[in-house]
Amino acid sequence: DLEVALGQYVLYQNVLARIEPERTLYLAIRESSFLKLFEQEIGQILLENQVLKLLTFHPETEEIARWIG
């Protein structure tokens with residue numbers, strides 16, 4: 001799932017940079033998914049290298065948990 005989401009993010013980010021460069025793209029994921037994925041080394045590398053901008057949320061309450069990027 002991460003590979004697919006990351007691929008889509010990169011695609012959309014490049015298209016958006018060309019057609020609306022003033023906008024910033026964030027990948028939205030559940031907070032629980034963030035905790036599982038980004039505790040792992042590959043997730044840490046993505047965060048450290050600032051490969052993507054993230055928004056995490058709690059689906060039950062529809063609240064944003066964190067903005068990263």
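- Listed by first and then second residue, the salt bridge (Lys or Arg N to Asp or Glu O under 4.0 Å) pairs involving residues 34-45 amount to none (not counting sequence neighbours).
- Checked against salt bridge (Lys or Arg N to Asp or Glu O under 4.0 Å), Arg23 has the following partners two or more places apart in sequence or in another chain: Glu20.
- Put simply, CG on Leu6 and CG on Leu37 are 11.0 Å apart, with the number rounded to the nearest 0.5 Å.
- Within a 6.0 Å sphere centred on CD of Glu62, other residues, nucleotides and ligands contribute 12 heavy atoms or fewer.
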Donor-acceptor contacts under 3.5 Å from residues 44-57 side chains, at least two apart:
{"from": "Gln44", "atom 1": "NE2", "to": "Phe38", "atom 2": "O", "distance (Å)": "2.4"}
{"from": "Lys53", "atom 1": "NZ", "to": "Gly69", "atom 2": "O", "distance (Å)": "3.2"}
{"from": "Thr56", "atom 1": "OG1", "to": "Glu31", "atom 2": "OE1", "distance (Å)": "2.5"}
{"from": "Thr56", "atom 1": "OG1", "to": "Arg66", "atom 2": "N", "distance (Å)": "3.2"}

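- The closest side-chain heavy-atom distance from Leu27 to Ile29 is below 4.5 Å.
- Under the ring-ring contact (aromatic ring centres under 6.0 Å, His included) criterion, the residue pairs touching residues 5-27 are Tyr26-Trp67, with sequence neighbours excluded.
- Every pair tested for salt bridge (Lys or Arg N to Asp or Glu O under 4.0 Å) that includes a residue from residues 7-18 fails, sequence neighbours excluded, so the list is empty.
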